[in-house]
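Heads up, the thing below is written out as structure tokens.
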Amino acid sequence: MLLATTMIGVSESFNMAKKLKLDLNVLYEVISTATGSCWAVNNYCPIPNVGPQSPADNNFLPGFSAKLMSKDLKLAIKAAEESNSNINLGKKSGQLFAKMAEGVNGEKDFSAIIEEINID
């Protein structure tokens with residue numbers, strides 16, 4: 001759940017940077033060494049040719065597919081409900097990945113969520 005939510009935040013940040021016409025390599029350098037540093041940025045950046053090699057560099061061939069992420073999120077949400085835990089962001093992540101898993105990008109790597117949330 002944490003990785004799914006983190007990847008959505010990373011993707012939103014890079015999508016906004018694209019719209020602002022920022023240099024994505026510079027943004028990566030700043031984020032990866034500052035308070036935004038996290039595994040999703042440092043090891044699995046969802047932008048082709050930015051950061052270390054990742055599924056983004058190979059048309060999002062998985063790694064870990066969106067369908068698998070959606071399945072894991074459903075399990076996490078069920079556990080949260082059973083324990084009466086508040087996971088609003090986890091539930092939102094679950095909705096976004098469920099939609100992705102059911103669509104044309106379901107077999108792609110979960111980091112392709114960047115394409116799903118970039119709809120104008």
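Below, all heavy atoms of this structure are taken into account, side chains as well, without hydrogens, waters or symmetry copies. Just so you know, residue 1 is the first one in the sequence shown, and it goes up from there. Small disclaimer: the values here were computed from a predicted structure and weren't measured.
More than 12 heavy atoms of other residues, nucleotides or ligands shown are found within 6.0 angstrom of NZ on Lys18.
Taking every heavy atom of both residues into account, Gly106 and Ser65 meet most closely at O-CB, 3.9 Å. Contact between Ile87 and Ala80 at its shortest, heavy atoms only, is CD1-CB, 3.3 Å. The shortest heavy-atom contact between Asn49 and Asn25 is O-OD1, 3.5 Å. Between Gly51 and Tyr28, the shortest heavy-atom distance links the atoms CA-CZ, 3.5 Å. For the pair Pro62 and Glu107, the tightest heavy-atom approach, listed with the atom from each and the gap, is CG-O, 3.0 Å. Between Ala101 and Ala66, the closest heavy-atom pair is CB-O, 4.0 Å.
With contacts defined as side-chain heavy-atom distances shorter than 4.5 Å, the pair Lys108/Asn59 qualifies. Residues Leu96 and Glu116 have side chains not in contact (no heavy-atom distance under 4.5 Å, counting atoms from C-beta outward). Ile114 places a side-chain heavy atom less than 4.5 Å from the side chain of Phe14. Side chains of Ile77 and Lys74 form no contact here, defined as non-hydrogen atoms less than 4.5 Å apart.
A distance of 9.5 Å separates NZ of Lys19 from NZ of Lys21, quoted to the nearest 0.5 Å. Note that the OG atom of Ser70 and the CG atom of Leu75 stand 9.5 Å from one another [nearest 0.5 Å]. The structure places CG of Leu22 at 8.0 Å from CE of Met16, a figure rounded to the nearest 0.5 Å. Interatomic distance, CG of Asn15 versus CD1 of Ile47, reported as 6.5 Å (0.5 Å rounding). Here Ser32 contributes atom OG and Asn43 contributes atom CG; the two are 10.0 Å apart, rounded to the nearest 0.5 Å. Interatomic distance, Cys45 SG to Leu27 CG, rounded to the nearest 0.5 Å: 8.0 Å.
Taking the side-chain contact (heavy atoms from CB on, under 4.5 Å) definition, one finds that Gln53 meets it with Asp57, sequence neighbours left out. For Ala40, the side-chain contact (heavy atoms from CB on, under 4.5 Å) test picks out Leu3, Thr6, Met7, Val10, Cys38, with sequence neighbours left out.
Ser13 contributes a side-chain N or O that, together with a main-chain N or O of Gly9, makes up a donor-acceptor pair within less than 3.5 Å. Distance alone, capped at 3.5 Å, is enough to place a donor-acceptor pair between the Asp23 side chain and the Val26 backbone.
Cluster membership for Met1 and Ile117, using ILVMFWY side-chain heavy atoms within less than 4.5 angstrom, is shared. Hydrophobic cluster membership differs between Ile8 and Leu89, with clusters built from Ile, Leu, Val, Met, Phe, Trp and Tyr side chains linked at under 4.5 angstrom.
Aromatic ring pairs are classed by plane angle as parallel below 30°, tilted from 30° to 60° and perpendicular above 60°; the pair Phe110 and Phe64 is perpendicular.
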